[in-house]
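Values reported hereafter were calculated over all heavy atoms of this structure, with side chains retained and with hydrogens, waters and symmetry mates removed. Remember, predicted model here, so these are calculated numbers, not experimental data.
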Amino acid sequence: MDTDALTPGLLQELRRNRPYPALSLTMPTHRKAPDNAQDSVRLRNLVAEAASRLEADPRVTREARAAVKAQLDRAVEEVDQRRALDSLVILADADEYQIWQLPRTAPERVVLSDSYLTRNLVSAKAGARLFWVLSVSAEHAALFSGTNDGLRAEARDGFPLAAPHEEPNPQREERIGDTPSTYSSEDARNFLRTVDEHLRAVMAADPRPLFLVGLAPALSLLDEVGESAKPAVGRVAKGTTPGTTAPELLKELTPALASRREQTASEIRGRFDNALSSRSFAGGLDEVWLAVREGRAGLIAVEEHFEQTVRITDGHLEPVGPDVTPAADGQVREDIVDELVEAALDNGCEVSFVADDSLAGHGRIAAVLRF
């Protein structure tokens with residue numbers, strides 16, 4: 001699965017308690033040769049480790065061990081190395097398996113528990129900057145899911161939509177004296193009302209920033225007949241067809257996406273400036289981690305590629321080198337940033353990933369405090 005498939009409902013399902021053992025396997029991967037040659041070897045080694053852990057765990061029955069191994073083997077056979085991103089997550093229990101390929105790195109790890117490990121999925125989704133794109137006209141409407149890596153057409157909630165086709169009516173044209181304008185006809189209004197209803201369902205199930213692409217009269221009429229498109233963060237007045245591809249659409253959207261990123265970054269800078277003035281600011285991994293644990297963080301910004309391995313000592317985070325591993329020290333966290341992001345989102349905190357080096361003066365991560 002891709003990052004944008006992680007809906008709130010699916011996340012809740014992944015986090016529910018399951019019969020022991022629920023197995024979570026994570027590892028970094030590589031997008032291109034020659035680095036990706038090592039991924040299959042690393043995966044085989046982790047699968048062997050998982051098998052050994054299952055064999056040695058006295059809580060795992062023979063039947064459960066065989067069932068989980070079978071699901072894990074099916075998952076490994078299905079992994080498509082050609083679609084590799086920056087990490088691979090495999091989740092498996094006695095009844096099912098899931099494969100996630102994420103645009104954010106994750107450490108090598110095998111975890112046996114009574115629920116799946118979700119921190120890497122949650123953090124990857126937050127960092128992917130998901131958004132929706134609606135391509136619309138009086139005759140068609142298509143929905144696209146967007147991430148940092150591109151656009152993908154979505155077939156959901158009735159999309160794509162096509163207006164009913166009616167044959168020309170000469171008698172009607174003779175009565176009114178002309179062919180009605182495309183965007184003044186009742187047919188166009190009814191179709192765009194239908195588009196608005198379907199878009200409302202999408203935004204309710206998975207709220208994201210929305211971008212609109214279409215001719216100006218189409219966008220104006222969509223606003224007139226409904227409410228769902230009015231909060232759009234970007235609009236591109238460009239005509240599209242049912243055959244417009246995701247790459248073609250992304251090319252038209254590039255300036256609007258760049259403008260939105262800069263606007264968001266500017267808003268975050270302003271909020272941090274205000275927080276510094278009012279002494280409601282936390283900077284650095286340890287300070288932000290404590291603020292999240294105490295429920296005091298209202299906004300967190302973290303650099304896109306910030307990673308840090310730490311040891312938890314007396315309630316604080318102490319950075320450690322790459323030679324220290326969780327296997328040797330149970331207080332070591334290799335993906336503390338992902339753990340922090342998941343905890344922050346669970347507490348209702350806003351999380352924003354920002355450009356590398358933009359928080360260099362604050363330890364690569366910072367927070368606006370609620371109190």
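With values rounded to the nearest 0.5 angstrom, Arg311 atom CZ is found 12.0 Å from Arg333 atom CZ. Taking CZ of Arg152 as the reference point, atom CG of Leu250 lies at 14.0 Å (rounded to 0.5 Å). The NE2 atom of His30 sits 5.0 Å away from the CG atom of Asp35 when rounded to the nearest 0.5 Å. Taken from CD1 in Ile99 to CG in Asp80, the straight-line distance is 9.5 Å, to the nearest 0.5 Å. Once rounded to the nearest 0.5 Å, the distance linking CG of Leu46 with CD1 of Ile90 reads 9.0 Å. Of the inter-residue distances, the one linking Phe211 atom CZ with Phe131 atom CZ reads 6.0 Å to the nearest 0.5 angstrom.
If you run side-chain contact (heavy atoms from CB on, under 4.5 Å) between Leu102 and each of Leu85, Leu88, Thr3, Asp86, only Thr3 comes through. The side-chain contact (heavy atoms from CB on, under 4.5 Å) test with Pro21 is passed by exactly one of Val111, Leu54, Asp57: Leu54. The residue from Val122, Leu117, Leu91 that alone fulfils the side-chain contact (heavy atoms from CB on, under 4.5 Å) condition with Leu14 is Leu91.
Of all the heavy atoms in Thr264 and Ser352, the pair that sits closest is CG2-OG, 4.4 Å. Taking every heavy atom of both residues into account, Asp39 and Met27 meet most closely at O-CE, 3.5 Å. Between Val233 and Pro209 the shortest heavy-atom distance is CG2-CB, 3.9 Å. In this structure, His316 and Asp286 approach most closely via the heavy-atom pair ND1-OD2, 2.9 Å. Nearest heavy-atom pair across Ala366 and Leu359 is N-CD1, 4.2 Å. Of all heavy-atom pairs between Ser87 and Thr29, the closest is N-OG1, 3.0 Å.
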- Message: Assess the residue pair Tyr97 and Glu78 against the criterion (side-chain hydrogen bond (donor to acceptor under 3.5 Å, both in side chains)); give the C-alpha distance rounded to whole Å, side-chain angles, the decisive distance to 0.1 Å, and a yes or no.
- Response: CA-CA 10 Å; Tyr97 66 86; Glu78 193 177 306; 2.4 Å; yes

- Let me see the working for Glu267 and Arg271 under salt bridge (Lys or Arg N to Asp or Glu O under 4.0 Å), right down to the final yes or no. CA-CA 6 Å; Glu267 290 172 356; Arg271 293 175 68 176; over 6 Å; no

- Item | Test log, rule side-chain hydrogen bond (donor to acceptor under 3.5 Å, both in side chains), inputs Tyr20 and Asp93 | CA-CA 8 Å; Tyr20 188 87; Asp93 64 10; over 6 Å; no

- Tell me, with the steps shown, if Arg370 and Ser280 meet side-chain hydrogen bond (donor to acceptor under 3.5 Å, both in side chains). CA-CA 7 Å; Arg370 294 175 173 138; Ser280 57; over 6 Å; no

- Message: I'd like to know whether Lys125 forms a salt bridge (Lys or Arg N to Asp or Glu O under 4.0 Å) with Asp4, so could you lay out the CA-CA distance, the side-chain angles of the two residues, the decisive distance to 0.1 Å, and finally the verdict.
- Response: CA-CA 7 Å; Lys125 180 175 180 177; Asp4 54 358; over 6 Å; no

- Task: Begin from the C-alpha positions of Glu49 and Arg44 and carry the test salt bridge (Lys or Arg N to Asp or Glu O under 4.0 Å) through to its verdict.
- Result: CA-CA 9 Å; Glu49 178 186 338; Arg44 284 198 301 271; over 6 Å; no

- Message: Please determine whether salt bridge (Lys or Arg N to Asp or Glu O under 4.0 Å) holds for the pair Asp338 and Arg104, giving the CA-CA distance in whole Å, both sets of side-chain angles, and the decisive distance to 0.1 Å.
- Response: CA-CA 10 Å; Asp338 286 2; Arg104 182 172 173 81; 2.8 Å; yes

- Does the pair Asp196 and Ser228 meet the rule for a side-chain hydrogen bond (donor to acceptor under 3.5 Å, both in side chains), with working shown? CA-CA 6 Å; Asp196 178 76; Ser228 301; 3.2 Å; yes

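Put simply, the side chain of Glu224 never gets that close to the backbone of Ser220: no donor and acceptor are under 3.5 Å apart. Remark: the backbone N or O of Asn148 is not paired with any side-chain donor or acceptor of Arg129 at under 3.5 angstrom. Judged by distance alone, the side chain of His140 and the main-chain N or O of Ala162 form no donor-acceptor pair under 3.5 Å. Under a 3.5 Å cut-off, the side chain of Ser52 and the backbone N or O of Ala48 do form a donor-acceptor pair. Side-chain N or O atoms of Ser185 include one that pairs as donor or acceptor with a backbone N or O of Ala188 at under 3.5 Å. The backbone N or O of Glu262 sits nowhere less than 3.5 Å from a side-chain atom of Ser266 that would complete a donor-acceptor pair. Ser135 places no side-chain N or O within donor-acceptor distance of the main-chain N or O of Ala141, the cut-off being under 3.5 Å. When atom types are taken as modelled, the side chain of Glu303 and the backbone of Gly363 share no donor-acceptor pair closer than 3.5 angstrom. Listed for the Asn120 side chain is no donor-acceptor partner under 3.5 Å among the backbone atoms of Val89.
Under a 4.0 Å N-O distance rule, the pair Glu342/Arg15 qualifies as a salt bridge. Between Glu334 and Arg109 there is no salt bridge, since no side-chain N of the basic residue sits under 4.0 Å from a carboxylate O of the acidic one. Between Arg42 and Glu108 there is a salt bridge, with a side-chain nitrogen of the basic residue lying less than 4.0 Å from a carboxylate oxygen of the acidic one. Electrostatic pairing of Lys230 and Glu227 counts as a salt bridge here, judged by a charged N lying under 4.0 Å from a carboxylate O. The residues Arg18 and Asp114 are annotated as not salt-bridged, no charged nitrogen and carboxylate oxygen being separated by less than 4.0 angstrom. Note on Asp149 versus Arg31: salt bridge recorded, some NZ/NE/NH1/NH2 to OD/OE distance being below 4.0 Å. With salt bridges taken as basic N to acidic carboxylate O contacts below 4.0 Å, one links Arg83 and Asp2.
Taken together through direct or relayed side-chain contacts under 4.5 Å among Ile, Leu, Val, Met, Phe, Trp and Tyr, Val302 and Leu121 form part of one hydrophobic cluster. Put simply, Leu290 and Ile336 are part of the same group of oily side chains (I, L, V, M, F, W, Y) that touch within less than 4.5 Å, one to the next. The same ILVMFWY cluster, assembled from side-chain heavy atoms under 4.5 Å apart, contains both Tyr183 and Val136.
The local environment of NZ in Lys69 is crowded, with over 12 non-hydrogen atoms from other residues, nucleotides or ligands closer than 6.0 Å. In Glu154, the CD atom is crowded: over 12 heavy atoms of neighbouring residues, nucleotides or ligands sit closer than 6.0 Å. Residue-environment remark: CZ (Arg279) stays at or below the threshold of 12 foreign heavy atoms within 6.0 Å. In Gln12, the CD atom is not crowded: 12 or fewer heavy atoms of neighbouring residues, nucleotides or ligands sit closer than 6.0 Å.
Within the 4.5 Å cutoff, no side-chain heavy atoms of Val213 are placed close to those of Phe144. Under the 4.5 Å side-chain criterion, counting only non-hydrogen atoms from C-beta, Arg119 is in contact with Asp335.
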Return all side-chain donor-acceptor pairs below 3.5 angstrom for residues 241-248, not counting sequence neighbours, or 'none' if the list is empty.
| unit_1 | atom_1 | unit_2 | atom_2 | d |
| --- | --- | --- | --- | --- |
| Thr241 | OG1 | Gly243 | N | 3.1 |
| Thr241 | OG1 | Thr244 | N | 3.3 |
| Thr241 | OG1 | Thr244 | OG1 | 3.4 |
| Thr244 | OG1 | Thr241 | N | 2.9 |
| Thr244 | OG1 | Thr241 | O | 3.2 |
| Thr245 | OG1 | Glu248 | N | 3.3 |
| Thr245 | OG1 | Glu248 | OE1 | 3.3 |
| Glu248 | OE1 | Thr245 | N | 2.9 |

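Between Phe281 and His362, the ring center distance clears the sub-6.0 Å criterion.
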